[in-house]
2 protein chains.
Amino acid sequence: MLSFTEENYLKAIYHLSEAGTLPVLTNDLADSMKTKAASATDMVKKLAAKKLISYQKYYGANLTSKGKSDALMVIRKHRLWETFLVEKLGFTWDEVHEVAEQLEHIQSMTLIEKLDSFLGFPKTDPHGHPIPDALGKIKEMKQVHLSEFPVRKKCVVRAVKNGSPSFLQYLSKIGIRIGVMLNIVDKIDFDGSLEISIDHKKKIFISKEAAENLLVTE
Amino acid sequence: MLSFTEENYLKAIYHLSEAGTLPVLTNDLADSMKTKAASATDMVKKLAAKKLISYQKYYGANLTSKGKSDALMVIRKHRLWETFLVEKLGFTWDEVHEVAEQLEHIQSMTLIEKLDSFLGFPKTDPHGHPIPDALGKIKEMKQVHLSEFPVRKKCVVRAVKNGSPSFLQYLSKIGIRIGVMLNIVDKIDFDGSLEISIDHKKKIFISKEAAENLLVTE
DNA sequence: TTAATAATTTAGACTAACCTAAAAAATGTT
DNA sequence: AACATTTTTTAGGTTAGTCTAAATTATTAA
Ligand SMILES: [Mn+2]
Ligand SMILES: [Mn+2]
Ligand SMILES: [Mn+2]
Ligand SMILES: [Mn+2]
């Protein structure tokens with residue numbers, strides 16, 4: 001059985017290999033875990049000994065298929081709990097991540113399957129992120145960053161990329177939620193900021209950085 | 001902030017001082033924590049340094065008022081989660097304890113208050129045990145062991161004393177649940193076993209030990 | 001009231017996860 | 001190709017929680 005820490009490292013390696021390039025480098029892993037490179041080295045050695053990653057000195061780490069499915073199970077739990085907190089307990093989407101970081105480590109298959117059923121087998125979490133199924137299969141969605149979307153063509157917000165509380169609170173404040181319809185009215189060359197309309201109603205300017213953290217589809 | 005282990009020790013000290021005589025002795029604490037006396041000694045020293053218990057060498061430990069309220073908060077969480085598992089997720093009463101042992105350590109006051117509200121502010125958990133309120137106040141119930149109850153006088157099952165899965169499964173099998181009406185038809189002098197009727201219907205014999213672990217009221 | 005027994009504490013050691021500082025390897029630059 | 005810089009690993013140490021074995025204190029019995 002894995003410790004909380006081992007589970008957190010596996011999840012971090014998964015997310016880093018999703019985002020960046022393979023293999024996952026020690027310094028990136030240490031940053032992501034808010035720890036030091038020496039500690040990350042200790043842990044990758046341990047995970048490699050458990051065959052959850054393949055690891056070569058000075059080269060980096062890659063999840064094995066066992067490691068990947070363990071990581072996906074932690075992510076499944078995290079996202080199901082976030083969904084529970086929002087849908088059933090009335091948390092807002094900016095409050096749930098921290099609590100889910102703890103709940104994702106509860107050890108009980110029965111619990112997570114019953115929770116999934118209680119929630120009606122949701123496909124995505126409150127941030128629009130896909131929830132892996134009981135077998136660890138995750139449905140990749142072909143979404144594009146709002147910053148790359150064409151001007152004057154309506155799109156729907158599907159997910160946030162950066163899920164930090166401050167970004168989520170900002171989105172709530174300006175009326176952007178999952179499912180909302182956007183339209184890029186104008187793109188400002190100077191700084192890459194966008195003038196957008198939200199649900200055909202109010203127009204507002206958002207920064208390039210904000211637009212890069214919104215995932216949309218047609 | 002307390003570690004999982006510290007919380008578990010505090011809870012054990014609370015339950016031992018509830019059940020037995022004060023102060024709580026090292027060996028009893030070690031047994032209850034399924035560890036060794038030397039480890040229990042280490043921990044009582046630490047808890048005493050944190051002013052959660054008073055402790056004198058060779059004498060034993062008593063909770064301070066801070067220690068008691070911390071213990072009661074863990075118990076509140078444990079019992080609310082057990083209630084959630086049974087009421088909302090469809091667990092049976094013999095399955096929930098182990099999972100609640102993990103869930104009781106999740107750190108979030110907001111979470112537990114929202115959970116309480118979601119459950120409709122339950123007063124007791126699935127085993128009939130009282131749930132401390134948000135201030136740590138616990139409502140003591142004047143219940144009596146079925147083994148001490150008079151013959152041929154109807155009573156209602158309010159709680160189980162021993163909550164082990166095997167006892168709970170046995171109770172389910174013979175149709176004893178919280179709220180069921182019992183009547184002692186006969187008391188067997190030989191071994192203290194009881195012949196009882198359940199809900200005015202079927203009659204059955206139960207052992208003295210079983211009767212000592214059922215709490216009833218008139 | 002002394003001796004035997006039981007309970008408790010101390011001593012010393014282990015593991016997981018972390019740290020800092022130093023050494024080694026890889027990478028970049030002239 | 002040689003040197004400088006960055007990245008990564010190793011060495012050695014810390015803390016929380018555990019253990020076994022030995023020492024100490026308390027309790028019971030002769
Ligand atoms: Mn999250
Ligand atoms: Mn999420
Ligand atoms: Mn329980
Ligand atoms: Mn209970």
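Residue numbering restarts at 1 for every chain, and letters A, B, ... go by the order of the sequence lines.
Using a 4.0 Å heavy-atom criterion, one finds that Thr41(B) contacts the bases of the nucleic acid, with or without backbone contacts as well. Within 4.0 Å of Tyr59(A), counting heavy atoms only, lies no atom of the nucleic acid at all. Thr5(B) comes within 4.0 angstrom of sugar-phosphate atoms only, judged by non-hydrogen atoms across all strands, and of no base. Counting any heavy atom pair closer than 4.0 Å across all strands shown, Phe4(A) reaches no nucleic acid atom. Across all strands, Ser39(B) comes closer than 4.0 Å to base atoms (heavy-atom distances).
Between Lys50(A) and Glu6(A) there is a salt bridge, with a side-chain nitrogen of the basic residue lying less than 4.0 Å from a carboxylate oxygen of the acidic one. Residues Arg79(B) and Glu104(B) are not paired through a salt bridge, judged by the lack of any N-O separation under 4.0 Å between the basic side chain and the carboxylate. The pair Arg76(A)-Glu113(A) meets the salt-bridge criterion, with a side-chain N (NZ, NE, NH1 or NH2) lying under 4.0 Å from an Asp/Glu carboxylate O. Glu101(A) has a carboxylate O that lies under 4.0 Å from a charged side-chain N of Lys11(A), or vice versa, which qualifies the two as a salt bridge.
Following rounding to the nearest Å, Gln56(A) (CD) and dA25(C) (P) show an atom-to-atom distance of 15 Å. Protein atom NZ of Lys34(B) is 13 Å distant from nucleotide atom P of dC19(D), rounded to whole Å. Between the OH atom of Tyr58(B) and the P atom of dT25(D) there is a distance of 6 Å, rounded to whole Å. The CG atom of Leu29(A) sits 14 Å away from the C1' atom of dT7(D) (whole-angstrom rounding). For Asn8(A) and dA16(C), the CG to P distance is 17 Å, given to the nearest whole Å. In this structure, Asp31(B) atom CG and dA6(C) atom C1' are separated by 14 Å, rounded to whole Å.
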I'd like to know whether Ile176(B) forms a side chain to side chain contact (heavy atoms under 4.5 Å, CB included) with Ile196(B), so could you lay out the CA-CA distance, the side-chain angles of the two residues, the decisive distance to 0.1 Å, and finally the verdict. CA-CA 11 Å; Ile176(B) 292 183; Ile196(B) 59 174; 4.1 Å; yes
Check the interface with nucleotides 12-14 of chain C: list each N/O to N/O pair with the protein under 3.5 Å, or write none.
none

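Side chain to side chain, Gln169(B) and Ser172(B) fail the donor-acceptor criterion of an N or O pair below 3.5 Å.
The side chain of Lys36(B) places an N or O atom within less than 4.0 Å of a non-bridging phosphate oxygen (OP1 or OP2) of dT20(D). Here Lys45(A) reaches the OP1 or OP2 of dT10(D): one of its side-chain N or O atoms lies under 4.0 Å away. Checking the phosphate oxygens (OP1, OP2) of dT24(D), no side-chain nitrogen or oxygen of Lys57(B) falls inside 4.0 Å. For the OP1/OP2 pair of dT8(C) and a distance below 4.0 Å, the side-chain nitrogens and oxygens of Tyr55(B) include no atom meeting the criterion. The phosphate of dT6(D) (OP1 or OP2) has no side-chain N or O of Asn27(A) nearer than 4.0 angstrom.
In this structure, Lys88(B) is positioned above the aromatic face of Phe118(B), its NZ or CZ under 6.0 Å from the six-membered ring centre and within 45° of the axis.
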